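All remarks here apply to the structure that follows.
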Amino acid sequence: GFDRALGEKIAAMLKPIETEVAPFAKVPWELERGARWVRPDYVIQVRFTEITREGVLRHPRFVRIRHQSEPGAGEHLRSRTLADKKPKKRRAPKKPAAAAPERPALLDALKKSLARKAQRRKSR
């Protein structure tokens with residue numbers, strides 16, 4: 001978080017670089033309506049405890065804002081951004097594949113089954 005004075009300062013910094021077009025190839029559905037977009041001229045440093053499977057920051061804390069052209073502005077970008085972070089898919093454990101019976105065995109089983117059905121019909 002930041003106080004009201006810093007919020008007003010950041011708003012004043014972002015006002016001149018506002019744009020109508022989102023600077024992302026894909027916009028999250030939660031942000032499609034009501035979002036205000038700016039050109040990505042600034043780097044914001046945020047600390048957080050983790051990124052969830054859904055790509056949400058847990059316990060984010062604002063640290064500072066710097067212009068992209070400042071030396072060292074990209075140094076703190078060690079972790080992936082939310083756009084790059086994809087949730088891990090949980091996979092069901094693979095079942096061992098059953099050995100496919102050989103063709104002659106299938107034909108023999110089918111012949112025996114047909115023979116049993118024919119005997120049942122005769123006995124009726």
Side-chain angles (χ1 to χ4, degrees):
F2 43 85
D3 59 14
R4 185 181 181 106
L6 182 57
E8 290 172 358
K9 181 180 176 184
I10 290 173
M13 291 169 65
L14 298 179
K15 185 70 174 164
I17 59 171
E18 256 187 48
T19 179
E20 294 291 322
V21 181
F24 306 105
K26 186 176 179 183
V27 177
W29 66 270
E30 300 96 354
L31 301 177
E32 285 180 350
R33 281 197 270 158
R36 293 171 53 193
W37 302 106
V38 295
R39 290 190 319 267
D41 292 350
Y42 291 96
V43 175
I44 294 180
Q45 186 177 348
V46 178
R47 294 192 191 275
F48 53 92
T49 54
E50 69 177 325
I51 299 177
T52 65
R53 284 190 198 122
E54 295 79 27
V56 177
L57 292 180
R58 186 164 295 193
H59 307 254
R61 295 171 307 284
F62 172 82
V63 177
R64 64 180 164 170
I65 186 169
R66 292 191 282 179
H67 196 273
Q68 195 172 19
S69 64
E70 285 182 40
E75 286 178 10
H76 298 286
L77 301 177
R78 288 188 300 266
S79 62
R80 290 192 271 174
T81 62
L82 287 178
D84 296 334
K85 179 75 176 174
K86 293 181 181 177
K88 292 181 182 179
K89 292 182 181 177
R90 290 188 179 191
R91 294 184 184 176
K94 290 186 178 180
K95 295 179 182 176
E102 293 185 24
R103 205 170 187 154
L106 283 174
L107 290 174
D108 289 340
L110 182 60
K111 286 178 186 177
K112 286 179 185 178
S113 175
L114 291 173
R116 275 187 251 136
K117 281 185 182 179
Q119 279 184 342
R120 285 185 205 146
R121 285 185 188 157
K122 286 181 184 178
S123 65
R124 286 184 187 177

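Predicted, not measured: the structure shown is a model, and the values here were computed from it.
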Sequence neighbours excluded, which residues qualify as side-chain contact (heavy atoms from CB on, under 4.5 Å) partners of Val46? Ile44, Leu57, Pro60
Residues at least two apart in sequence or cross-chain that pass side chain to side chain donor-acceptor pair (under 3.5 Å) with Arg120, listed by chain then number, are none
Check: Arg61 side chain, His59 main-chain N or O, donor-acceptor pair, under 3.5 Å: yes
Got a second to check how far Arg64's CZ is from Leu6's CG, nearest 0.5 Å? 13.0 Å
Set of residues satisfying side-chain contact (heavy atoms from CB on, under 4.5 Å) with respect to Ala22, sequence neighbours excluded: Val27, Trp37
Sequence neighbours left out, cut at 3.5 Å: what donor-acceptor pairs do the side chains of residues 14-21 make with other protein atoms?
from: Glu18; atom 1: OE2; to: Arg36; atom 2: NH2; distance (Å): 2.7
from: Thr19; atom 1: OG1; to: Val21; atom 2: N; distance (Å): 3.4

What residues form a side chain to side chain donor-acceptor pair (under 3.5 Å) with Arg121, not counting sequence neighbours? none
With sequence neighbours excluded, tell me which residues meet salt bridge (Lys or Arg N to Asp or Glu O under 4.0 Å) with Arg33. none
Distance in Å, Gln45 CD paired with Phe62 CZ, rounded so as to fall on 0.5 Å steps: 9.0 Å
By salt bridge (Lys or Arg N to Asp or Glu O under 4.0 Å) - contacts of Glu30 (at least two apart): none
